[in-house]
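Everything below concerns the one structure shown next.
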Amino acid sequence: MGKEIELKSIFLPFLSTSHIIPLVDVARLFAIHGVDVTIITTPQNATVFQKSVDLDFSRGRPIRTHLVTFPAAEVGLPPGIEAFNVDTPREMVPKIYMGLSILQPRFEQLFHDLQPDFIVTDMFHPWTVEAAAKLRISRIMFHGASYLARSAAHAVEQYAPHLAAKSDSDPIAIPGLPDRLEMTPLQLPDWLRSPNQYTELMKTIKESEKKSYGSVFNSFYDLESAYYEHYKGVMGTKSWGIGPVSLWANQDASDKAARGYAKEDEGEEGWLKWLNTKAERSVLYVSFGSMNKFPYSQLVEIARALEDSGKDFIWVVRKNDKGGEGEKFLEEFEERMKESKKGYLIWGWAPQLLILENPAIGGLVTHCGWNTVVESVNAGLPMVTWPLFAEHFFNEKLVVDVLKIGVSVGAKEWRNWNDFGGEIVKAEDIGNAIGVMMSEKGEDMKRRSKTLSGAAKKAIEDGGSSHNNLNELIRELNQIKLSKAQETAPVP
Ligand code: UDP
């Protein structure tokens with residue numbers, strides 16, 4: 001559809017794997033719909049997705065990456081450190097921000113040189129709204145979160161309900177939302193509890209969103225329709241839910257295997273072979289996303305819970321204690337699990353989309369990262385929820401209280417993404433939640449998850465809500481281009 005008038009776009013992801021993955025899927029969706037797509041990023045960050053872009057390009061889709069060198073030497077960083085990821089040393093974080101601010105005028109120059117009709121940028125590039133205004137093009141903001149999370153954060157900013165709580169662990173209702181959602185002040189992000197630098201950044205982001213043409217979310221109507229409507233109402237902006245983007249952009253196994261850092265062929269002799277020996281819906285998938293590293297004491301509790309549960313499991317785990325007690329413990333645990341064939345450990349990065357769609361998987365233990373929530377909904381799987389940072393605690397509310405497809409481990413305390421925090425969730429609590437989800441008590445959750453999975457698949461089909469939303473957005477952008485062309489056309 002967009003092909004005839006050649007809509008040209010630029011996508012600018014943030015410098016972080018977990019933000020890059022869904023926005024690149026969004027970019028690929030635009031290319032599937034005939035829009036010319038250039039993704040701008042730095043070399044190291046491109047390694048997260050280049051295989052997917054190459055695959056799409058080989059299928060004749062108008063998509064490419066434009067690399068900009070990260071100014072590592074200028075900010076005193078070793079080469080290759082150019083992202084906010086799980087292994088990024090804390091002291092380097094401010095320097096990466098410095099690098100990003102050096103890149104800003106270079107990105108802006110590229111917008112000027114490449115002359116797109118519109119840009120789609122991650123929320124963490126609020127300056128792009130002014131850059132787009134200068135070029136008289138539309139800016140669309142990508143939110144990596146759920147509509148519920150954004151609505152709840154907005155309500156906390158507006159009503160500050162936590163200030164009326166008797167203590168930090170006293171549950172309070174968040175006012176003004178479609179459902180009664182209760183959280184304790186400790187479960188709220190620190191920047192919402194009391195103002196800090198991040199509060200200011202989030203304000204700037206919100207202002208930039210209000211000045212944008214609109215926003216896109218990795219969500220779909222039936223997943224959180226009340227919050228989709230609510231959010232558009234309170235923000236007064238246009239927004240399009242176009243998810244599940246992972247399902248839509250990664251239609252065959254080669255796409256799923258190419259996503260992220262997974263090594264091809266790894267499954268043949270490894271996790272896939274192991275998983276294929278297991279009964280349908282019998283295996284737990286345990287993962288805490290791309291940004292988390294637990295301390296040794298927490299890993300021990302998880303290992304105990306998994307072993308005691310008697311369930312088979314795949315656990316995606318990161319070492320955090322090189323050469324120490326923790327490493328030895330995990331190695332011995334892995335050995336024991338290999339012998340008993342009860343558990344399979346994946347170190348570092350798992351091909352999550354491929355694993356979740358395997359019929360042997362029966363449920364997740366998840367940190368409630370939004371992408372993982374959408375991916376498990378798509379796979380029709382119930383969840384044990386264990387929120388950690390970002391907007392995870394809000395997502396838990398959606399999964400457990402609104403959709404009723406999850407059971408909580410009872411995490412009590414929000415923490416920063418690169419912080420261990422003070423809370424250690426005990427093996428008993430993890431085990432109890434697993435027990436509920438994997439037993440007959442979890443039947444209703446499983447049934448609801450299945451129904452939602454059907455809705456997810458419908459959303460991206462011809463006539464589905466996400467399909468319609470994306471077509472509508474592209475139609476509007478085409479219309480804007482056409483009107484501009486008519487404005488500037490010489491009068492006959
Ligand atoms: N992911 C993956 N393998 C991993 C870890 C993460 O494929 O080992 C993908 C996952 O499928 C999801 C994204 O990375 O698309 C993680 O995003 P999410 O919002 O769930 O969590 P975050 O990494 O932001 O904490």
Side-chain angles (χ1 to χ4, degrees), residues 13-26 28 45 47-49 51-52 83-88 122-124 142-146 148-150 189 217-219 223 243-250 253 255-264 266-267 270-271 285-294 314-319 344-358 361 364-379 381 383-396 398-399 406 411 414-419 456:
F14 191 55
L15 307 182
S16 165
T17 300
S18 74
H19 281 247
I20 291 171
I21 284 185
L23 184 51
V24 166
D25 278 345
V26 172
R28 295 170 59 214
N45 284 295
T47 59
V48 182
F49 65 87
K51 272 188 279 179
S52 305
F84 304 96
N85 282 339
V86 67
D87 291 319
T88 309
D122 189 279
M123 59 187 271
F124 283 120
F142 173 68
H143 258 302
S146 56
L148 180 146
R150 293 306 310 140
F217 278 67
N218 178 20
S219 188
L223 184 59
V245 297
S246 60
L247 170 68
W248 202 352
N250 300 285
D255 290 309
K256 289 171 192 137
R259 203 159 176 260
Y261 304 101
K263 288 176 217 82
E264 275 156 57
E266 221 169 29
W271 61 267
Y285 175 71
V286 185
S287 170
F288 300 90
S290 65
M291 302 286 281
N292 179 59
K293 243 185 193 181
F294 279 129
I314 287 185
W315 180 16
V316 189
V317 60
R318 292 196 180 89
K319 286 186 186 165
Y344 193 98
L345 272 63
I346 295 183
W347 298 99
W349 188 266
Q352 185 162 303
L353 294 184
L354 284 174
I355 294 177
L356 291 185
E357 74 175 20
N358 190 292
I361 299 292
L364 286 85
V365 178
T366 172
H367 68 310
C368 300
W370 182 238
N371 298 302
T372 297
V373 170
V374 178
E375 287 158 22
S376 39
V377 161
N378 173 41
L381 297 167
M383 290 165 248
V384 164
T385 58
W386 181 341
L388 299 169
F389 51 89
E391 78 295 347
H392 302 164
F393 279 90
F394 293 135
N395 295 340
E396 178 181 58
L398 178 71
V399 171
W414 185 94
R415 60 197 183 83
N416 265 304
W417 66 272
N418 53 3
D419 224 349

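Keep in mind that the numbers below use all heavy atoms, side chains included, and drop hydrogens, waters and symmetry copies. Order of appearance sets the numbers: ligands from 1, and atoms from 1 within every ligand.
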Heavy-atom pair with the smallest gap, counting every atom of [X] and [Y]:
X: Arg318; Y: Gly289; answer: NH2-O, 3.0 Å
X: Val245; Y: Asp25; answer: CG2-CB, 3.8 Å
X: Ala350; Y: Val316; answer: CB-CG2, 3.6 Å
X: Ala145; Y: Phe217; answer: O-CD2, 3.1 Å

Where on [X] is there a heavy atom closer than 4.0 Å to ligand 1, on the side chain, on the backbone, on both, or on neither?
X: Trp349; value: both
X: Ile21; value: side chain
X: Arg259; value: side chain

What residue and atom, counting heavy atoms only, is the protein's closest point to [atom], and at what distance?
atom: atom 24 (O) of ligand 1; answer: Ser18 CB, 2.8 Å
atom: atom 21 (O) of ligand 1; answer: His367 NE2, 3.0 Å
atom: atom 23 (O) of ligand 1; answer: Ser290 OG, 2.5 Å
atom: atom 11 (O) of ligand 1; answer: Glu375 OE1, 2.6 Å
atom: atom 17 (O) of ligand 1; answer: Asn371 ND2, 3.2 Å

Next on the checklist: For the 3.5 Å polar cut-off, considering only N or O atoms, please tell me whether Gln352 and ligand 1 meet it.
Outcome noted: yes
Next on the checklist: What I want to know is whether Thr372 and ligand 1 share at least one N or O pair that is separated by under 3.5 angstrom.
Outcome noted: yes
Item to check | Donor + acceptor pair across side chains of Thr372, Gln352 (<3.5 Å) | outcome: yes
Next on the checklist: Quick one, Thr17 with Tyr261, criterion side-chain hydrogen bond (donor to acceptor under 3.5 Å, both in side chains). Give me CA distance, side-chain angles, the key distance, then yes/no.
Outcome noted: CA-CA 10 Å; Thr17 300; Tyr261 304 101; 2.7 Å; yes
Checklist entry - With a 4.5 Å limit on heavy-atom distance, are the side chains of Phe288 and Trp315 in contact? => result yes
Item to check | Heavy-atom side-chain proximity of Val48 to Ile21 below 4.5 angstrom | outcome: yes
Checklist entry - Which atoms of ligand 1 have any heavy atom of Ala350 under 4.0 Å away? => result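 Heavy-atom distances to Ala350 below 4.0 Å select 2 (C), 3 (N), 4 (C), 7 (O), 8 (O).
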